[in-house]
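One structure below.
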Amino acid sequence: MMKPSIPKGTRDFLPEQSLKRAYIFDTIKATFIKYGFQPIETPAMENLQVLTGKYGEEGDKLLFKVLNNGDFLSKADSSALESKDSIALIPSISKRGLRYDLTVPFARFVVMNRNDIQLPFKRYQIQPVWRADRPQKGRYQEFYQCDADVVGSESLLYEAELVQIYDEVFSALGIEVTISINNRKVLSGIAEVAGIQDKFMDMTIAIDKLDKIGIEGVRNEMAAKGIEKEAIDTVVSILDAGDDIDKISEILTSSETGMKGVDEIKHAVNFANITNELTTKVQFDPTLARGLDYYTGCILEVKANHVQMGSIGGGGRYDDLTGAFGMDGIPGVGISFGAERIYDVMEELGLFPKELSQNKLAIFLSNDIESLSTAFEWCTKLRRSGVHVDIYPEAAKMKKQFKYANDCGFTFALIIGESERKSGQVSVKNMTSGDQSQMSYDELLQLLTAC
RNA sequence: GUGGCCAUAGCUCAGUUGGUUAGAGCGUCGGAUUGUGGUUCCGAAGGUCGGGGGUUCGAGACCCCUUGGUCACCCCA
């Protein structure tokens with residue numbers, strides 16, 4: 001007999017966990033719908049060529065590839081096979097891969113279904129994605145993303161809506177968060193002013209780590225990438241301005257791109273706060289970069305306050321995501337919720353409502369085979385009246401049935417035996433208080449309906 | 001992909017410089033109680049010590065490999 005196991009980085013969810021997860025998904029989904037986003041679904045598997053090259057070199061390594069069916073070895077690239085060159089071998093033995101995120105499949109979706117959607121197209125999507133990353137705290141190989149994206153418009157109003165969605169969802173879940181905002185154009189501006197446009201990515205990756213490795217760490221990292229000390233000094237002096245966007249604006253005056261970025265941030269934030277009702281602080285953070293290199297405009301990131309946890313949401317604007325699939329000039333902007341991490345944060349802070357796990361109201365217990373039949377009749381009638389009620393499936397020992405009722409967390413045990421059948425009444429025991437009383441069907445219906 | 005720590009009953013963990021038949025608590029099952037759980041008492045079952053190889057008269061313990069977990073790095077939700 002084999003020992004059962006599940007692949008690393010994956011998890012089973014017990015009923016209580018599933019209920020909590022559904023609570024998160026439902027909250028997010030309800031908000032997406034309220035803001036006019038429409039649901040779509042895409043396959044768990046995509047053709048590998050749709051996925052490869054979209055997430056950088058690192059991303060390609062983290063893609064799960066699906067082995068071809070049939071006699072795949074006979075069609076394998078024999079020279080790659082002989083030289084044991086795994087990467088070169090892949091295309092000949094795998095034509096499909098598991099979805100790595102929801103954005104790239106969405107881009108593919110937009111291109112393929114362009115005749116059936118209206119631009120601007122607002123879609124939301126809540127589905128699992130897979131990454132062959134090494135698991136660690138808050139990081140799994142299979143996890144859900146909850147994305148909302150709009151394609152087909154450059155309006156900053158959408159950035160504002162997405163900020164409002166973040167604000168609304170996290171308020172509803174009771175999580176105190178900080179929303180950070182930056183703009184890729186501001187980062188370009190910084191590189192421009194420092195004269196290191198050619199080292200833009202290196203600079204970006206370095207300053208993104210500021211809160212982790214400190215200002216000296218950032219200096220070292222940039223120096224290691226061959227950036228001149230003078231340029232480093234310029235970059236650091238800009239970062240010194242911190243969240244003071246006006247100060248950054250002054251420094252970036254000479255960069256047209258940089259100024260545009262500053263302008264976009266201001267507009268988006270003002271729009272988002274148009275009724276002055278945001279619960280969450282939206283903070284400008286010039287060091288926010290985010291990895292995905294397809295972002296071109298505003299970048300958003302959400303972190304929970306008071307908890308040691310990576311970002312629980314992120315997003316941004318991309319000018320041309322569909323270009324890779326032969327459809328140029330379709331801009332978009334989107335956000336993602338990291339449901340798994342939101343779960344962990346809520347668990348850590350005790351934010352889940354208690355009612356989630358207490359949905360078991362009443363269960364019929366019966367003393368003999370004839371009573372079981374009566375109990376099932378009552379049970380069926382109650383269910384048809386909309387009452388949430390269950391029944392123990394056999395006339396087992398009372399001790400066993402009560403233990404089951406207790407262990408499952410039922411509030412009421414409804415006992416039917418010979419005496420109850422004769423009187424036409426059911427014995428109702430409150431499992432919390434231990435009180436027990438007799439009541440008619442109508443009284444029982446009333447009691448359970450009121451709960 | 002790189003590195004640190006860990007793996008003993010269903011769960012949480014003991015297990016002495018390597019030495020007889022590997023233990024505890026909780027949980028499970030049975031009984032005390034043939035119509036009453038949650039409390040109490042009594043009893044029982046439950047282990048290829050993650051897997052493979054090695055050192056040794058002897059390995060749960062030491063060494064190597066491997067799988068998984070965990071944490072950090074890279075990257076990321």
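Order of the sequence lines fixes the chain letters, A, B, ..., with proteins taken first and strands second; residue numbering starts at 1 for each chain.
Taking only distance into account, the side chain of Arg134(A) never meets the base of rG69(B) through a donor-acceptor pair shorter than 3.5 Å. In terms of polar N and O atoms assigned as donor or acceptor, the side chain of Asn406(A) never comes within less than 3.5 Å of the base of rG38(B) in a complementary pairing. The base of rG35(B) is paired with the side chain of Ser419(A) by a donor and an acceptor separated by under 3.5 Å. In terms of polar N and O atoms assigned as donor or acceptor, the side chain of Lys429(A) comes within less than 3.5 Å of the base of rU36(B) in a complementary pairing.
Taking the nucleotide of RNA chain B with the nearest heavy atom to each of Gly314(A) and Gln136(A), the more 5' of the two is matched to Gln136(A). Heavy-atom distances to RNA chain B give each of Lys137(A) and Phe143(A) a nearest nucleotide, and the one nearer the 5′ end belongs to Lys137(A).
Of the nucleotides present, rA72(B) is the one that pairs with rU2(B) by Watson-Crick or G-U wobble criteria, both distances under 3.5 Å. Across every strand in view, rU17(B) sits unpaired, with no contact that passes the Watson-Crick or G-U test at under 3.5 angstrom. Of all nucleotides present, only rG10(B) satisfies the Watson-Crick or G-U wobble test against rC26(B), with each distance under 3.5 Å. Nucleotide rG35(B) forms no Watson-Crick or G-U wobble pair with any nucleotide shown, as no partner meets the under 3.5 Å limit on both distances. Across all strands shown, rC49(B) remains unpaired; no Watson-Crick or G-U wobble contact has both distances below 3.5 Å.
Across all strands, Gln145(A) comes closer than 4.0 Å only to sugar-phosphate atoms, never to a base (heavy-atom distances). In this structure, Ile363(A) reaches neither bases nor backbone, as no heavy-atom distance under 4.0 Å exists between it and the strands shown. Base contact: Gly417(A) has a heavy atom under 4.0 Å from a base atom. Nucleic acid contact class of Ser336(A) (heavy atoms, under 4.0 Å, all strands): none. No contact: Gly315(A) has no heavy atom under 4.0 Å from any strand. Base engagement by Glu418(A) is indicated by at least one non-hydrogen atom pair under 4.0 Å involving a base atom. Contact annotation for Lys400(A): no contact, since no heavy-atom pair falls under 4.0 Å across all strands. If you check every strand for non-hydrogen atoms under 4.0 Å, Gly313(A) touches sugar and phosphate atoms only. Residue Glu420(A) is in base contact, counting any heavy-atom pair closer than 4.0 Å across all strands shown.
Asp133(A) and Tyr140(A) share no side-chain donor-acceptor pair at under 3.5 Å. Asn305(A) and Thr178(A) share a side-chain donor-acceptor pair at under 3.5 Å. Using modelled atom types and a 3.5 Å distance limit, the side chains of Asp319(A) and Tyr295(A) yield no donor-acceptor pair.
Listed pair Gln436(A) / rU36(B) fails the phosphate criterion, with no side-chain N or O lying under 4.0 Å from OP1 or OP2. When the side-chain nitrogen and oxygen atoms of Lys209(A) are compared with OP1 and OP2 of rC75(B), one or more of them lie within a distance under 4.0 Å. Taking 4.0 angstrom as the limit, Lys397(A) places a side-chain polar atom (N or O) nearer than this to OP1 or OP2 of rG31(B).
As rounded to the nearest Å, rA72(B) and rG30(B) have C1' atoms that lie 49 Å from one another. Distance check on atom P: rA22(B) versus rC49(B) gives 11 Å, rounded to whole Å. Taking atom C1' on both nucleotides, rA9(B) is separated from rG27(B) by 11 Å, rounded to a whole Å. Going from the P atom of rG54(B) to that of rG60(B) covers 15 Å, rounded to whole Å. Separation of the C1' atoms belonging to rA32(B) and rC13(B) is 31 Å when rounded to the nearest angstrom. Taking the P atoms as reference points, rG25(B) lies 22 Å from rG31(B), given to the whole Å. Of the P atoms belonging to rG58(B) and rC11(B), the separation is 33 Å, rounded to the nearest Å. rU28(B) and rU66(B): their P atoms are spaced 41 Å apart (whole Å).
Here rU2(B) presents its P atom at 13 Å from CG of Asp133(A), a figure rounded to the nearest Å. Whole-Å rounding puts the Lys399(A) NZ to rU36(B) C1' distance at 9 Å. In this structure, the CD1 atom of Ile6(A) is 11 Å from the C1' atom of rG69(B), given to the nearest Å. Protein atom OH of Tyr140(A) is 14 Å distant from nucleotide atom C1' of rC76(B), rounded to whole Å. Going from atom CD of Gln141(A) over to atom C1' of rU67(B) covers 14 Å, rounded to whole Å. Rounded to whole Å, the distance from CD on Glu58(A) to P on rC73(B) is 14 Å. Rounded to a whole Å, the CG atom of Asp60(A) is 13 Å from the C1' atom of rC75(B). Leu288(A) has its CG atom 14 Å from the C1' atom of rA77(B), to the nearest Å.
Of the candidate nucleotides rA77(B), rG37(B), rU70(B), rA77(B) has the atom lying nearest to any side-chain atom of Glu340(A). Considering only the side chain of Ile415(A), rG35(B) comes nearest among rC75(B), rG68(B), rG35(B). Picking from rG37(B), rC75(B), rG35(B) the nucleotide with the shortest atom distance to the side chain of Ser427(A) gives rG35(B). With rA72(B), rG35(B), rG37(B) as the choices, the nucleotide that has an atom nearest any side-chain atom of Lys403(A) turns out to be rG37(B).
The cationic atom of Lys122(A) (NZ for Lys, CZ for Arg) does not lie both less than 6.0 Å from the six-membered ring centre of Tyr35(A) and within 45° of the ring axis.
With respect to the salt-bridge test (charged N to carboxylate O, under 4.0 angstrom), the residues Lys20(A) and Glu16(A) qualify. A salt bridge does not link Glu154(A) with Arg317(A): none of the charged nitrogens is closer than 4.0 Å to a carboxylate oxygen.
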Derivation and outcome, ring pair (Phe, Tyr, Trp, His ring centres under 6.0 Å), residues Phe364(A) and Phe376(A):
CA-CA 8 Å; Phe364(A) 277 99; Phe376(A) 191 50; 9.4 Å; no
Evaluation steps, side chain to side chain contact (heavy atoms under 4.5 Å, CB included), between Leu48(A) and Arg96(A)
CA-CA 4 Å; Leu48(A) 208 46; Arg96(A) 291 160 298 182; 5.8 Å; no
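Each of Phe25(A), Phe170(A), Tyr124(A) was checked for a ring-ring contact (aromatic ring centres under 6.0 Å, His included) with Phe337(A), and the lone residue meeting it is Phe170(A).
A stacking contact between Phe337(A) and rA77(B) is absent: the pair does not combine a ring-centre distance of less than 5.5 Å to the base's six-membered ring with planes differing by less than 30°.
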